[in-house]
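Residue numbers run from 1 in the order of the sequence given.
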Amino acid sequence: MKIDLSLSNKALYAGCEIEEVAGRANLKTPAKDAVNIVGRNISGIVQAAPAADRTEVTLTGPMAVWAYLVVFHAVVHAFSKVYYDDGRSGPVLIAAHG
């Protein structure tokens with residue numbers, strides 16, 4: 001499974017206010033509020049994934065560190081392996097268990 005953390009991921013940022021400024025998406029929802037919204041959304045995304053598909057997940061996409069931390073917290077115990085892929089050097093294993 002791959003999870004795009006960029007603001008183009010409508011399911012992850014559902015409930016957040018996003019605007020376009022000079023052709024780029026910009027999160028208008030304050031981070032202190034968005035943390036809870038994204039946390040709830042990623043929990044639902046993970047729960048919707050069949051247990052058999054929860055072996056590996058790759059986190060990718062440009063976004064603030066706080067979003068990566070929230071998503072990582074939600075996926076680290078739901079998936080056997082968690083990777084990070086910045087799109088340049090290939091996937092890097094950041095957590096493995098089970």
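Using a 4.5 Å cut-off between side-chain heavy atoms of Ile, Leu, Val, Met, Phe, Trp and Tyr, with links allowed through other members, Ile37 and Leu7 fall into different hydrophobic clusters. There is a path of hydrophobic side-chain contacts, each under 4.5 Å, that joins Leu59 to Ile45. Hydrophobic cluster membership differs between Leu93 and Val75, with clusters built from Ile, Leu, Val, Met, Phe, Trp and Tyr side chains linked at under 4.5 angstrom.
Shown here for Phe79 and His97, the closest heavy-atom pair between the two residues is O-NE2, 3.2 Å. The minimum heavy-atom distance linking Ala95 with Val76 is given by the pair CB-CG2, 3.9 Å.
In this structure, Val65 belongs to a hydrophobic cluster whose other members, linked by side-chain heavy atoms under 4.5 Å apart, are Leu69.
Counting heavy atoms from C-beta on, the side chains of Val38 and Met63 never come closer than 4.5 Å. At a threshold of 4.5 Å between non-hydrogen side-chain atoms, the residues Met1 and Asp53 do not count as touching. Contact check for Val57 versus Val46: no side-chain heavy atoms found under the 4.5 Å cut-off. Inter-residue side-chain proximity for Gln47 and Arg54 is flagged as met; some heavy-atom pair is nearer than 4.5 Å.
Applying the side-chain contact (heavy atoms from CB on, under 4.5 Å) rule to Asp85 yields the partners Thr58, Thr60, Pro91; only residues at least two apart in sequence or on another chain are considered.
Checking side-chain atoms of Asp4 against main-chain N and O of Asn9 turns up no donor-acceptor pair under 3.5 Å.
Ring planes of Tyr84 and Tyr68: perpendicular class, angle over 60° (limits at 30 and 60°).
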Only distances under 3.5 Å count here; give the side-chain donor-acceptor pairs of residues 11-25 to other protein atoms, sequence neighbours excluded, each with its distance to 0.1 Å.
unit_1: Tyr13; atom_1: OH; unit_2: Leu5; atom_2: O; d: 2.5
unit_1: Glu19; atom_1: OE2; unit_2: Asn26; atom_2: ND2; d: 3.2

